[in-house]
2 protein chains.
Amino acid sequence: MKVTVKDIARTAGVSQSTVSKVLNNYAQVKESTRKKVLKAVEELGFVPDLVARSLVMNRTGTIGLIVGDIANPFFSETAKVIIAEARKSGIDVILSDTDYRSELMEMAVKNMLARRVDGILISAVDRKDTFTTDLYKKGYPLVLFNRHPDSDLVNYIVLDNGKGSRLAVNHLVQLGHRRISFISGPLQFSTFHHRYLGYKNAIQEHNIPYIEEFVFDGDPSYESINDYLKELLNKDEKPTAFFAATDQLAIHVMDALARMGFNVPLDFSVIGFDNIDISSNPHINLTTVSQNKKEMAKLALEKLLALIDEGEIPEQPIHITLEPKLIIRKTVGVNYEQFHYETPRGEISLSEG
Amino acid sequence: MKVTVKDIARTAGVSQSTVSKVLNNYAQVKESTRKKVLKAVEELGFVPDLVARSLVMNRTGTIGLIVGDIANPFFSETAKVIIAEARKSGIDVILSDTDYRSELMEMAVKNMLARRVDGILISAVDRKDTFTTDLYKKGYPLVLFNRHPDSDLVNYIVLDNGKGSRLAVNHLVQLGHRRISFISGPLQFSTFHHRYLGYKNAIQEHNIPYIEEFVFDGDPSYESINDYLKELLNKDEKPTAFFAATDQLAIHVMDALARMGFNVPLDFSVIGFDNIDISSNPHINLTTVSQNKKEMAKLALEKLLALIDEGEIPEQPIHITLEPKLIIRKTVGVNYEQFHYETPRGEISLSEG
DNA sequence: AAATAAAATGAAAACGTATTCTGGAAAACA
DNA sequence: TGTTTTCCAGAATACGTTTTCATTTTATTT
């Protein structure tokens with residue numbers, strides 16, 4: 001039936017332990033017997049049982065990857081590099097999708113612990129999450145990326161989201177916009193929280209009043225955003241630009257505006273965040289803040305593997321923040337109205353290039 | 001350190017076997033001892049070691065999922081439903097990404113066998129692949145989806161790709177197009193192969209001559225397609241419509257046309273295949289052939305789990321083909337030229353709805 | 001109350017591997 | 001040649017469960 005070490009031992013005329021030794025490249029084994037064993041392995045087509053090995057080695061050679069939504073390009077692109085890089089170290093990844101529900105995250109982690117994965121990578125924690133922190137304190141190899149909890153006592157690799165927002169707001173302000181609406185996702189995620197904070201700080205740095213009605217953080221569906229925009233654009237005080245916390249949201253905004261008969265960037269400017277693939281499509285051409293997803297994923301895995309190899313957790317948690325970058329395309333225009341009526345400043349460059 | 005069944009046994013004052021029995025809901029255990037054991041489990045926070053269990057049960061509770069490119073929406077969307085559905089049965093999935101390279105597929109399978117996954121789901125086989133067929137013949141639970149090899153001796157769930165092409169071609173022909181270019185991906189994949197065959201058959205059914213220069217199956221990158229189009233549109237005999245074997249390819253085509261200053265659908269019609277998320281975007285609005293990815297994924301998993309539970313493979317491999325559907329949006333127009341100069345037929349409806 | 005049947009428990013083996021430790025053979029040294 | 005060291009190989013144990021089978025306990029019958 002299934003060929004095991006025992007079979008190899010028998011046909012090679014040695015003991016199980018020597019077979020194991022040649023399989024694991026022990027030095028202490030004569031060349032002649034090594035040959036015998038290898039020949040038997042070849043003949044019988046033996047392949048070591050990794051679960052048995054896991055049991056005795058106390059290492060499974062697997063890691064868990066928990067994402068918010070694998071169908072979301074951000075998560076799938078990061079997953080891709082993690083899987084590819086892990087494979088280079090002979091490590092397999094068990095993937096879990098929380099569908100943005102934090103209860104599922106906790107369940108996924110528990111399940112993976114039972115499966116004895118060697119470490120866990122999570123890009124889907126809530127700000128108020130304490131579960132991961134507790135787990136890490138117990139010495140379990142764990143690194144978060146993309147999102148992090150409010151607690152600082154766990155490893156994470158994230159984008160400097162606040163800075164990203166500042167980049168976006170500055171760009172808009174430079175082109176004359178002073179009434180900027182912020183379209184956010186759920187603020188319980190650190191990404192959105194910091195993008196929101198960055199937006200708020202940036203406009204205040206420019207002495208722009210913060211208008212509560214200008215920020216949206218409700219249900220991120222198209223319909224919901226469409227409703228919000230309709231209501232907003234009926235008021236006296238309209239924004240001239242929309243800063244969306246996500247390219248996906250930005251595209252919703254653009255769609256809604258288009259359906260209302262507005263032109264982007266002539267009537268309104270739109271800027272996104274993430275630089276997903278579609279955004280560079282000539283029909284979309286979204287100006288956005290980009291993050292280096294691949295580097296983030298690579299770093300997260302790298303740190304996790306190091307943690308696993310170390311065998312013990314460092315005193316100080318690892319915190320890495322990556323730099324955002326502004327990608328200028330075609331959805332942001334000059335707010336002439338602003339230049340005309342309020343504070344026209346000649347030194348500001350109006351070119352988009 | 002780690003709490004095991006032995007610890008539970010000790011603190012509950014029973015034997016390992018009884019602990020195992022209450023954990024696995026054996027009938028033959030007195031209520032009072034069940035209580036004792038459960039209490040100890042609770043107190044010590046015991047959680048069963050799944051790798052140890054796997055070893056003895058000869059079942060890991062994991063399946064392997066091998067995809068061509070997890071960053072591609074088709075694969076990530078199917079992966080999402082597979083992961084979610086598998087979880088409902090307490091099964092975890094190990095994900096592998098072949099990056100469209102078939103050698104990697106074979107390696108991934110071998111690795112998963114060593115990991116003793118209970119079954120494997122593959123959406124990334126070549127037409128000439130025999131490895132999976134051989135494996136299945138050996139009795140290993142295996143189901144392919146999306147793509148299938150030329151051999152029929154293995155289970156697969158696929159779309160009726162030929163029919164999908166016919167749907168697309170018929171639609172174009174009904175609107176007066178007779179010069180239809182087919183933009184394909186690599187024909188070594190059954191999906192593209194059958195879409196190509198469907199295209200060829202469909203135009204022949206309409207007595208349209210097959211023109212070799214009208215089909216492209218080279219490198220599916222934007223640049224390569226752009227080059228092809230430039231050359232093609234310099235010739236005398238130009239197509240009036242493009243049928244792309246993939247929405248991704250259709251979007252490349254539209255981008256290239258847009259950059260050359262053409263309007264879709266006024267100058268050229270474009271139709272895609274797959275109905276990925278972006279295609280419904282108002283800026284894209286691609287007419288396309290859709291497939292029910294979720295159902296495909298669900299069916300594939302369902303069949304695999306059934307196979308695993310059966311314990312032995314059925315005499316006849318399972319073959320399921322799903323129905324494609326035409327989604328009419330805004331990228332296909334009427335070819336008036338055709339109606340005007342050649343065979344204007346009054347009975348053909350020109351409305352797009 | 002004794003005999004029997006049924007129910008509950010435990011001892012032991014198994015799953016397939018890695019590793020420690022011991023003993024013997026060979027080599028190196030005297 | 002005798003002794004010490006080095007090198008190899010194997011026996012035994014461990015990893016943490018499940019499961020079979022024998023045994024003890026409890027319940028049922030006469």
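Per chain, numbering begins at 1; letters A, B, ... match sequence-line order.
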Handout entry: For B/Ser15, side-chain contact (heavy atoms from CB on, under 4.5 Å) partners two or more places apart
Key = B/Ser17, B/Thr18
Practice task
May I ask you to say whether A/Lys2 pairs ionically with A/Asp7, meaning some side-chain N is under 4.0 Å from a carboxylate O?
Solution key: no
Practice task
Please state whether the phosphate of D/dA9, meaning OP1 or OP2, lies under 4.0 angstrom from any side-chain nitrogen or oxygen of A/Ser15.
Solution key: no
Completion exercise
note: B/Phe46, atom CZ; D/dT17, atom P; distance rounded to Å ~ 4 Å
Problem - B/Arg53 side chain, from C-beta outward: closest of D/dA14, D/dT17, C/dG10 - result: D/dT17
Practice task
Flag the pair A/Asp309 and A/Arg59 as a salt bridge only when some basic side-chain nitrogen lies within less than 4.0 angstrom of an acidic carboxylate oxygen.
Solution key: yes
Fill in the blank from the handout: Separation of D/dC21 atom C1' from B/Tyr26 atom OH, nearest Å, is 12 Å
Exercise for the section: May I ask you to decide whether B/Arg115 forms a salt bridge with A/Asp49, counting only side-chain N to carboxylate O separations under 4.0 Å? Expected result: no
At a cut-off of 3.5 Å, list every protein nitrogen or oxygen paired with a nitrogen or oxygen from nucleotides 22-29 of chain C, distance to 0.1 Å.
none

Problem - Protein-nucleotide distance (B/Asn24, atom CG; D/dT18, atom P), rounded to Å - result: 4 Å
Problem - Donor-acceptor pair under 3.5 Å, A/Ser17 side chain vs D/dA11 base - result: yes
Exercise for the section: Starting from P on D/dG16, measure out to CE on A/Met57 and report it in whole angstrom. Expected result: 15 Å
